Colleague: 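Pasting a structure here, questions to come.
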Amino acid sequence: MDEVKPTKVIDARGSFCPGPLMELIKAYKQGKVGDVISVYSTDNGTKKDAPEWIKKSGNELIGIFDRSGYFEIVMRKSK
Amino acid sequence: MSNKVSLILFSGNIDKLMAGSIIASGAVANEMEVNIFVTFWALLQLKKNGAPPPTLSPEAGKMAPQIMKVMKEKKIPSWLDTIKQISEIGKVNVYGCSMFADLLEMNKDEFDPIMKDLIGVSQFVDMSKDSSMTLFL
């Protein structure tokens with residue numbers, strides 16, 4: 001799924017719950033429909049919370065990718 | 001189902017204040033409005049100048065120095081920074097308790113500007129009566 005180029009990347013590595021999710025929501029609110037937002041995180045709570053929020057808020061979860069020492073969550077703003 | 005959460009912050013211990021700010025974040029993530037009533041020792045933590053130094057709840061016991069150290073090392077944001085961050089994202093209203101402010105002769109200007117107003121208990125209870133939960137911390 002690396003072909004999807006993010007419109008915005010949030011590097012929230014080292015930030016704890018709920019920091020990364022709140023940064024993602026902020027970027028989502030500031031963005032436009034169709035934007036691809038990616039968040040880097042090392043917080044395990046975020047790995048569960050963020051995808052759930054993305055689905056519940058009616059957006060598209062493009063994927064959760066394991067990177068070395070962190071993970072990346074990618075979403076598309078669909079509304 | 002109501003789309004509001006009410007929090008009463010009473011303790012001035014930073015672990016409880018952080019629990020409050022984290023629950024408030026969860027509410028904002030769920031697109032809920034949050035009304036926060038800050039009273040007693042928590043209210044002192046909202047003072048612009050002369051807020052008491054940070055403390056943890058007594059149950060931290062011997063772990064307190066370690067916890068304080070870890071929180072500093074890992075740059076955990078303060079409860080107030082979290083509240084400020086989420087108030088840019090969602091509907092978060094912070095009110096101070098007018099009774100405690102009167103008791104110590106503090107006026108609105110002495111508190112962090114995140115505080116919208118000093119209000120009385122009946123006004124807050126009126127806000128909380130149609131919340132899906134009201135927590136006292």
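All of these numbers come straight from a predicted model, not from anything done at the bench. Naming: A, B, ... by sequence-line order, numbering from 1 per chain.
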Colleague: Please identify which of these residues, Asn59(A), Ile62(A), Ile64(A), meets the side chain to side chain contact (heavy atoms under 4.5 Å, CB included) condition with Met75(A).
Modeller: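 Only one option passes, and that is Asn59(A).
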Colleague: Go through the atoms of Gln30(A) and report whether side chain, backbone, both or neither lie under 4.5 Å from a heavy atom of chain B.
Modeller: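 Contact with chain B: none, neither part.
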Colleague: Side chain, backbone, both or neither: which part of Lys26(A) has a heavy atom under 4.5 Å from chain B?
Modeller: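 Both parts, backbone and side chain.
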Colleague: Taking the basic N atoms (NZ, or NE/NH1/NH2) and the acidic carboxylate oxygens, is any pair closer than 4.0 Å for Lys69(B) and Glu73(B)?
Modeller: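 A salt bridge links Lys69(B) with Glu73(B).
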Colleague: When the side chains of residues 4-19 of chain B are checked against the rest of the protein, which donor-acceptor pairs come out under 3.5 Å, sequence neighbours left out?
Modeller:
unit_1	atom_1	unit_2	atom_2	d
Ser6(B)	OG	Ser131(B)	OG	2.6
Ser11(B)	OG	Asn13(B)	N	3.0
Asn13(B)	OD1	Thr55(B)	OG1	2.7
Asp15(B)	OD1	Ser57(B)	N	3.2
Asp15(B)	OD1	Ser57(B)	OG	2.9
Asp15(B)	OD2	Ser57(B)	N	3.0
Asp15(B)	OD2	Ser57(B)	OG	3.1

Colleague: Based on non-hydrogen pairs under 4.5 Å, which of Cys17(A), Pro18(A), Ser15(A) is most in contact with chain B?
Modeller: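 If we count pairs closer than 4.5 Å to chain B, Pro18(A) comes out on top.
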Colleague: Can a cation-pi geometry be assigned to Arg13(A) and Tyr40(A), taking NZ or CZ under 6.0 Å from the six-membered ring centre and within 45° of the ring axis?
Modeller: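 No; the conditions do not both hold, so Arg13(A) does not lie above the ring face of Tyr40(A).
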Colleague: Measuring heavy-atom distances to chain A, does Ile76(B) have an atom under 4.5 Å in its side chain, in its backbone, in both, or in neither?
Modeller: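 The answer is the side chain of Ile76(B).
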